[in-house]
Amino acid sequence: MRVDDDYLEAVLDLAQRIPPGRVMTYGTIAEFVGDQLVADGGRRRGGPRQVGQVLARAGGGVPWWRVVNAAGSPPASNLSRALTELQREQTPLVAAGLRVDLTAALWWPDSD
DNA sequence: ACATTGACTAATT
DNA sequence: TAATTAGCCAATG
């Protein structure tokens, strides 16, 4: 299988592993996926922007609203939709509910 | 091969 | 605390 497909799958899988009410940042995902690919002998991809690119393209079937930037804000393009989903999953929010409370909601694979 | 762009981040103002 | 700037990685034209 090709490396670019691996990257795509790795990002999507990780995104789908995020439990409801929790979130991950683009940067964290990029680091985890990068390490995973290196362990598999693939090329380093590192790059929060690449993660965003993949999620943007992923479309349906992926809980993209559980992935936010370092400030805790969901994508500006679908901000209202994301906030709706986040509220529905009882994700801790701050600043008038515009951003996610990262100190409380931030999650990563080992924190299961 | 060069320039532009994007669901980013960290540092600076 | 919010807005701006510079750095970053890969895809695209």
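By convention in this document, chain letters (A, B, ...) are assigned in the order of the sequence lines, proteins followed by strands, and residues within each chain are numbered from 1.
- Counting heavy-atom neighbours within 6.0 Å of A:W108 CH2, excluding the residue itself, gives a total of 12 or less.
- Each of A:M24 and A:W64 belongs to its own hydrophobic cluster when Ile, Leu, Val, Met, Phe, Trp and Tyr are linked at side-chain heavy-atom distances under 4.5 angstrom.
- The separation between A:L37 atom CG and C:dA10 atom P is 11 Å, rounded to whole Å.
- The heavy-atom pair separating A:V68 from A:V100 by the smallest distance is CG1-CG2, 4.2 Å.
- No single ILVMFWY cluster, assembled from side-chain heavy atoms under 4.5 Å apart, contains both A:L106 and A:F32.
- Spacing of P atoms, C:dG7 relative to B:dA7, comes out at 22 Å, to the nearest Å.
- Tested against A:V67, the residues A:V11, A:L14, A:I18 include a single side chain to side chain contact (heavy atoms under 4.5 Å, CB included) partner, A:I18.
- As rounded to whole Å, 11 Å separates atom P of C:dA11 from atom CG of A:L8.
- Looking at which nucleotide of DNA chain C each of A:A95 and A:Q50 is closest to, the 5′-most match is held by A:A95.
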| task | Could you encode protein contacts along nucleotides 7-13 of chain B as a string, one character per nucleotide from 5' to 3', using B for base contact, S for sugar-phosphate-only contact and - for no contact, with a heavy-atom cut-off of under 4.0 Å? | result | BBSS---

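- A:A15 approaches A:V62 most closely through the heavy-atom pair CB-CG1, 4.1 Å.
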